There are 2 protein chains.
Amino acid sequence: MKANLILQTAVSHFAKEGYAGASLSKIAEEVGIKKPSIYAHYKGKDDLFISALHYSLDTQKAQIASYFYSMKNEPLEPLLFGYFEWFAKESQDNERMKFILRAAYFPPLKLEKEVGNLFNPFFDNMHLHLTRLLRERHRHEKVLYSDDFSDMALAYLTVTEGTMTELVYTGVERYNKRLHAVWPIFWRGLTK
Amino acid sequence: MKANLILQTAVSHFAKEGYAGASLSKIAEEVGIKKPSIYAHYKGKDDLFISALHYSLDTQKAQIASYFYSMKNEPLEPLLFGYFEWFAKESQDNERMKFILRAAYFPPLKLEKEVGNLFNPFFDNMHLHLTRLLRERHRHEKVLYSDDFSDMALAYLTVTEGTMTELVYTGVERYNKRLHAVWPIFWRGLTK
DNA sequence: ATCTACCTTCCTAACGGTCGTTAGGAAATA
DNA sequence: TATTTCCTAACGACCGTTAGGAAGGTAGAT
């Protein structure tokens, strides 16, 4: 399917160059078609961008869900910490993540609203599931210090984003340094 | 000084539109001059971008230093926590911070090297001063759990960035929610 | 089985527009 | 007089987009 190839190439270009910096000519060139042929599959640059974001978020969501499912029988600490390591492995040479971060933090102004409409449910969904996970686990493991599971989930997400930005910006070595600096402190603060 | 007015306008435009999205015509228009007049002050778009970044980092550095100096007689906890609140107040309608973040995470590819040369000393400097601060304070207050001050400083910076990105992206309300979710946990993990 | 109509996909050519940049000169400042 | 600052005019390059048509496949009717 050419449409999908265009989409994936677009993700890579938008990740590296941003919305304004990416060029349809170059995307088409990498796909192996001419620029106007893109219009057989997408209405225009905006449509391509939104489609790429939609696709990226769906894929990301599925991957995260599959990680948490695969770890569902592990204790809480390796489950939460392992997510960081899994994430680093998944995200290497993975431009989808970079695209997602870039679109989240610095969306093209004219698409701000539509981008927000895609992101807000995504984050709310993550927060909700994480809150539920913590509540569920606490019932059996009873290791958590507080019982405000929503706040703990939000704190966890904050740490993931603080390290993720480092991963995207400077690479995996400094990401790991940060991770091993912050995790023992955070986990100590989280548990009894 | 017209050069400085151009610089500040450029910061605002680069923050909102990014390097590729910002246009010299629009910057000139907002300043009240014509586009080619910019070339009387800067060699071109690249020079303007780098100058704007240099200026932004210098200003930011001075402001941060002045906060920590003004709080030098406070205990460690209000000093570290207050930085978040001070930061939110400073950063409202402050496009400098947005520009700095954007330039740090998603620099224009062709200026990646020069941008890195400006950022790396900035972050290293922050990390160094924070490490020293923690070591110094621990000698008198003895509240810290660990004695790896470098790792604690890095962890603190990670939390600041995790919340800062939220501040830039969604605004001050959700920033405060995150802050009040993560800080008690983090501080508990940091201290005896 | 063949013809017809239609739709998808891709092309070349070209559109109007904006981009960053330069040339060259006028006005102001020192 | 020399230099800085600003202007108008224009450059070539690239942008996203559209027009119009060729090639190919598909579906239904004859």
Side-chain angles (χ1 to χ4, degrees), chain A residues 1-56 99 102-103 106-115, chain B residues 1-56 95 99 102-103 106-115 118:
Chain A
M1 194 82 88
K2 266 286 173 47
N4 204 271
L5 183 55
I6 295 172
L7 203 69
Q8 302 209 39
T9 309
V11 167
S12 154
H13 281 238
F14 284 137
K16 280 189 270 206
E17 320 265 2
Y19 175 85
S23 115
L24 295 184
S25 320
K26 285 181 191 158
I27 292 172
E29 188 184 359
E30 193 175 320
V31 170
I33 57 177
K34 299 295 173 183
K35 180 171 57 162
S37 306
I38 293 177
Y39 288 77
H41 303 274
Y42 301 95
K43 282 184 223 162
K45 200 183 189 183
D46 293 6
D47 184 34
L48 181 57
F49 184 86
I50 295 293
S51 300
L53 185 54
H54 203 119
Y55 160 80
S56 295
F99 171 55
R102 190 165 198 158
F106 306 108
L109 290 187
K110 62 170 172 169
L111 300 178
E112 214 171 17
K113 203 170 174 181
E114 282 151 282
V115 169
Chain B
M1 192 86 83
K2 264 294 174 43
N4 203 271
L5 183 56
I6 295 172
L7 202 68
Q8 302 208 38
T9 310
V11 167
S12 155
H13 281 239
F14 284 137
K16 280 189 272 209
E17 320 266 1
Y19 176 84
S23 114
L24 294 184
S25 320
K26 285 181 191 159
I27 292 172
E29 188 185 359
E30 192 174 319
V31 170
I33 58 177
K34 299 296 174 183
K35 179 171 58 162
S37 306
I38 293 177
Y39 288 77
H41 303 274
Y42 301 95
K43 283 185 222 162
K45 198 182 190 184
D46 292 6
D47 183 33
L48 180 56
F49 183 86
I50 295 292
S51 300
L53 184 55
H54 203 119
Y55 160 79
S56 296
E95 280 148 347
F99 172 56
R102 190 165 198 158
F106 305 109
L109 290 187
K110 63 170 171 168
L111 300 178
E112 213 171 19
K113 203 170 175 182
E114 281 150 283
V115 170
L118 289 177

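A note on names: the letters A, B, ... follow the listed sequences, proteins ahead of strands, and every chain is numbered from 1. Everything quoted here is computed from the prediction, not taken from an experiment.
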Rounded to the Å, how far apart are Ile33(A) CD1 and dT8(C) C1'? 13 Å

Candidate nucleotides dC15(D), dC11(C), dA9(D), ranked by approach to the side chain of Pro36(A) - the nearest: dC11(C)

What about the rings of Tyr42(A) and Phe49(A), do their centers lie closer together than 6.0 Å? no

Lys45(B) atom NZ is separated from dT18(C) atom C1', nearest whole Å, by 11 Å

Interatomic distance where NE2 belongs to His13(B) and P belongs to dC19(C) [whole Å]: 12 Å

For atom CG of Leu24(B) and atom P of dG20(C), their distance in whole Å: 4 Å

Do Leu5(B) and Met1(B) have side-chain heavy atoms sitting under 4.5 Å apart? no

Rounded to the nearest angstrom, tell me the gap between atom CG in Asp46(A) and atom P in dC15(D). 16 Å

Between NZ of Lys35(B) and C1' of dC7(D) the distance, given in whole Å, is 14 Å

Would you mind classifying the nucleic acid contact of Ala22(B) as base, sugar-phosphate or nothing, using non-hydrogen atoms under 4.0 angstrom? sugar-phosphate

Scan Leu24(A), Leu48(A), Asp47(A) and name whichever one has a side chain to side chain contact (heavy atoms under 4.5 Å, CB included) with Tyr39(A). Leu24(A)

Drop me the distance from Lys45(B)'s NZ to Leu111(B)'s CG, to the nearest 0.5 angstrom. 10.0 Å

Whole-Å distance, Lys2(B) NZ to dT29(C) P, equals 11 Å

Does OP1 or OP2 of dC14(D) have a side-chain N or O of Ser25(A) closer than 4.0 Å? no

For a quick check of understanding: with a heavy-atom distance under 4.0 Å over all strands, which category does Ser37(B) fall into, base, sugar-phosphate or nothing? base

Gap between atoms NE2 and P, on His41(A) and dT17(D) respectively (whole Å): 16 Å

Of the candidate nucleotides dC10(C), dT5(D), dT22(C), which contains the atom at the shortest distance from the side chain of Tyr39(B)? dT22(C)

